[in-house]
Structure formats: C-alpha cells, structure tokens
There are 2 protein chains.
Amino acid sequence: MARTSDAKERLLASALELFSERSYANVGVQELCEHAGVKKGSFYYFFKSKQDLMLEALEHQSRAIGRMILTPAFCSNLPPLERIERLFHLTYEFQKAMKEKTGRVRGCFFGNLALELSTQDESIRHRLDRIFRTAITSIEKTVQDAVSAGDLADIDVAATAEAILAYWEGVIMLAKVRNDPGLLKDLAKGAKELAITETKDTAG
Amino acid sequence: MARTSDAKERLLASALELFSERSYANVGVQELCEHAGVKKGSFYYFFKSKQDLMLEALEHQSRAIGRMILTPAFCSNLPPLERIERLFHLTYEFQKAMKEKTGRVRGCFFGNLALELSTQDESIRHRLDRIFRTAITSIEKTVQDAVSAGDLADIDVAATAEAILAYWEGVIMLAKVRNDPGLLKDLAKGAKELAITETKDTAG
DNA sequence: ACAAAACTTTACTGACCAGTCAACTGGTCG
DNA sequence: CGACCAGTTGACTGGTCAGTAAAGTTTTGT
C-alpha cells in the first residue's frame, strides 16, 4: 500500500514556497502546478479546491515550525527566560536565511495568511487561531516554569504568554516591512521585558 | 479651480472600505468602481493603476489614523505612560466599532497591507515603512517624556518605541485572528511593561 | 459665446482565474 | 487473461482580471 506518487508532497512544498513568496491570492493553481511539475487535473485529484490545499499546507507548516523553531526553543533544558531569547534567535536565523536565499524577509507564514484571509475565510481563520493557541500554550508553559523557578513575579501567566506571541508576530512584521531580519535580534530582549513586570506602580 | 467631481474621493473611500474588508488582491478595479458609483474609464482618469490608487489610499488613511488615534493618544496632556494606555484603548474602540458594524475585526490597514504586499511591491513596502517610522517617532517622543519625567529608567528610547509599535501591531493581529477586539483591552498593559524594565538581572 | 479643460461613458483587449471532465496509462491484483 | 486502481493528461467552461481607446458630455475661465 505504499504511495505511488509524490505529486501531492510536491504541491504542498510549492504552496509553502509560493504563498510565502507572495500571497494566497497572488498565486494561481496553474502556477502552483507548474512549480510542482504537476498537471492541473492532478491537482484536483489530490485537493478538492485551492482552499483545501491551503488548509493542508497550514497543517504541514505548523508541524515544520514546531520541529524547527518551537520544539528547539521551548523543549530544551535551558532556563525558562533563555528559551524566549532562543525563540527570537531561531526566528532571526530563519528569516536571515530566507533573505539570503531570496532577497526578502518573508515573515511568518501564519501571520501573513492571518492578515490576508481571516476576514474572508472562516475555516482558515479558525485553523490559524488553533495554531496560534498551540504556540501560546508552549510559551505559557515556559512562563510558568519561570514563575516556579522564581525568575518572575506571580504574573498572569496566560496573558503574558499571549503578549509574547503578539510581540513575536509584531516584530516579524516590522522585520518584513523593513526587509531587515536584524530587527529580530535588536528587539528580542523586549520579549523578556513583557514578562518581567516588577509591578512598579507608575502613573496613578 | 475648484474640484468639479468627488469621484476620486469616493474611489479612495471605497478602496479603504473594501481593501480593509478583504485584501488588495481580492478586490478588483471593477468592484471598486461599482462600490464608488464610478465607471472604469473614470477610474483610470484619476489613477494610473490600481497600485497608484493604493499608494494614495495609504496616504489618506495615514492621515486619518493620525487624526483619529495617534494625535489623541500622543499629543494630549496626559502623563506619558497613560498615552500608551490610551493608544490601546482607542484602538480597542476602533476595532470594536468595526466588529459591531461589519461582524469582523478588520485589523490594521497598514499591517494587513504590509504582510500581503511588502514582498511583492517595493514602492508599497517603502511607503509602509515610512508610515510605521512616523508612528514610531510619536511613540519615541512619549517614551522620552516618560524617561524625563522619571517614570522610566534610562532605557534605549528608540528600541523601546519600536518594540511598542511591534507589540501594538501584534496584538491587533491576534485580535483579528480571534475576531475579538477584547484582546486589545486585555493585553494593553503589556505595552507599558515593554518600557518598564527595571533592569533586574535574570538568567545569567 | 466660445474654447479648453475636466470628467464620463461604452466597448473592447488579451491574459488569467478556479474548477471540470472524460479519456488514458501503467501497475497490481485474482 | 481481465478487472481494478492510483494517478495522469489535455482540452475545456464561464467568468473575472487590469488596463486601453476614443468619443461624448459637462464645467470652467475668458
């Protein structure tokens, strides 16, 4: 019962490549097929629609980012706060490599799709929400570890994790607009500052 | 020499409306024209291309956001750190109003465009970079005021301002993915925490 | 009144869009 | 052998895309 064709895998790889390079709407099924060396009829043998391919590509890339960035950053034996630093450092390396290969900081596949499609396609929005929540859960565990280790005050762990994810995505956005991965290095320390609230009462 | 037609203004308003509702690529010139009650030939009388319309719409919206959000948040007589709070609160109100009117959190016009187009169209990327830098300058002034007032330690003012902008955009993104403007309220306090680094030496 | 400028209108390109279909190929069963 | 199955192929549909051309109308300044 072994697979007899890798056309589907090639289409998914092309989807990741081309949707990252441009956007969902700017890449047609025809171009996707040419890039993957597959005929259009075969495309619709494997996927029932372009949206269906997108949903599978999201799944695929979600696992890839987990493997390449989230797991190495969060599941290590590093002290909790260093894991956050590592998250930014790995992202920096990733975007820098992209820029060297293609001339462009391509940003986060999920963030890109989120802003392009989440007002248009509820199933994609929902899938992205789940992916982000999964990442937040990893961050949350790290923040909790930091609190337990006494590195952090007794903060709102869930909200802090959401804040760190939002900051992460925001910094990637700014790096993309400037086409400069260096921003991920320069602004990495801000993420720790989101957690380290020594509850100094300011402004009222 | 008074203007004899408001068709151009109507096209710009439609552009803002429809590009926010969906995206740049998903709104055609024809639809834009129908929404504005203008014939296609007239569109190309006022704009030399769809991209040209986009650049003018960016200019337009940049001024509008300045008027509606940045100026009220930053140019007030409020204490500096409250201005940041106000930035988030005004954004919350804005996105909440959008959701009530259209059922969707539409996010930031600039952020949306940035992630959709900044790898494809260098002139739009460049324009967005300038718009973000302008906002960062406003934030920077506020952060500097806070340092001068003794509310903040002697931090890197420029980097902190960039961090706050990135965080702002990131939180708007997350609010859009969840279709929940409430996140802008819940995560507002994180922005102050980005500034308040009481340089506690943690992790090594 | 007149001409020029500002604007509108209609009809048109040629390319591309997502998606469909039926015929076909080569391998693997019984 | 013959049927079945996974996958392939190329031609096709109807619609939409950005952009153009040229003639027509209205508004303005003089």
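The structure displayed is predicted, hence computed values, not measured ones. Values reported hereafter were calculated over all heavy atoms of this structure, with side chains retained and with hydrogens, waters and symmetry mates removed. The chains referred to below are lettered A, B, ... by the order of the sequence lines, with proteins before strands, and numbering in each begins at 1.
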*Between dT25(D) atom C1' and Y45(B) atom OH, what is the distance in whole Å?*
13 Å
*Quickly work out the Q30(A) CD to dT16(D) C1' distance and round it to whole Å.*
16 Å
*Hey, is the side chain of S5(B) poking within less than 4.0 Å of OP1 or OP2 on dT8(C), counting only N and O atoms?*
yes
*asked:* What is the separation between atom CG on D6(B) and atom P on dC7(C), rounded to the nearest whole Å?
replied: 10 Å
Could you list the donor-acceptor pairs under 3.5 angstrom formed by side chains in residues 165-178 of chain A, with sequence neighbours left out?
unit_1  : atom_1 : unit_2  : atom_2 : d
Y167(A) : OH     : L187(A) : O      : 2.6
W168(A) : NE1    : T91(A)  : OG1    : 3.0
K176(A) : NZ     : R106(A) : O      : 3.4
K176(A) : NZ     : N112(A) : OD1    : 3.3
K176(A) : NZ     : L115(B) : O      : 2.9
R178(A) : NH1    : E162(B) : OE2    : 2.6
R178(A) : NH2    : E162(B) : OE2    : 3.2

*For the pair K8(A) and E56(A), evaluate salt bridge (Lys or Arg N to Asp or Glu O under 4.0 Å) and give the outcome as yes or no after the intermediate values.*
CA-CA 10 Å; K8(A) 185 170 178 175; E56(A) 286 210 36; 3.4 Å; yes
*Can you tell me how far NE2 of H35(B) sits from OG of S14(B), rounded to the nearest 0.5 angstrom?*
5.0 Å
*Could you tell me the separation between the CE atom of M54(B) and the CG atom of L16(B), rounded to the nearest 0.5 Å?*
8.0 Å
*Atom CD of Q61(B) and atom CG of L113(B): how far apart are they, to the nearest 0.5 Å?*
10.0 Å
_Y44(B) side-chain proximity, nearest of dA18(D), dG7(D), dC17(C)_ = dA18(D)
*Taking NZ, NE, NH1 and NH2 as the nitrogens, is one of them in K99(B) or D180(B) under 4.0 Å from a carboxylate oxygen of the other?*
no
*Pairs in or reaching into residues 27-54 of chain B: which pass salt bridge (charged side-chain N to carboxylate O under 4.0 Å, His left out), with residues at least two apart or in two chains?*
R22(B)-E31(B)
*Kindly write out the residues that satisfy ring pair (Phe, Tyr, Trp, His ring centres under 6.0 Å) with F43(A), not counting sequence neighbours, or none if the list is empty.*
F47(A)
*Tell me which residues in residues 48-56 of chain B put a heavy atom below 4.0 Å from DNA chain D, sorted by number, or none.*
S49(B), K50(B)
For nucleotides 23-29 of chain C, which of its nitrogen or oxygen atoms have a protein nitrogen or oxygen under 3.5 Å away, and what is each distance?
none

*Give a yes or no answer on whether the side chain of D6(A) reaches the backbone of E9(A) with a donor-acceptor pair at less than 3.5 Å.*
no
*Indicate the atoms forming the closest heavy-atom contact of M68(B) with L90(B), along with that distance.*
O-CD1, 4.4 Å
_Within residues 33-43 of chain A, residues whose heavy atoms come under 4.0 Å of DNA chain C_ = K40(A), G41(A)
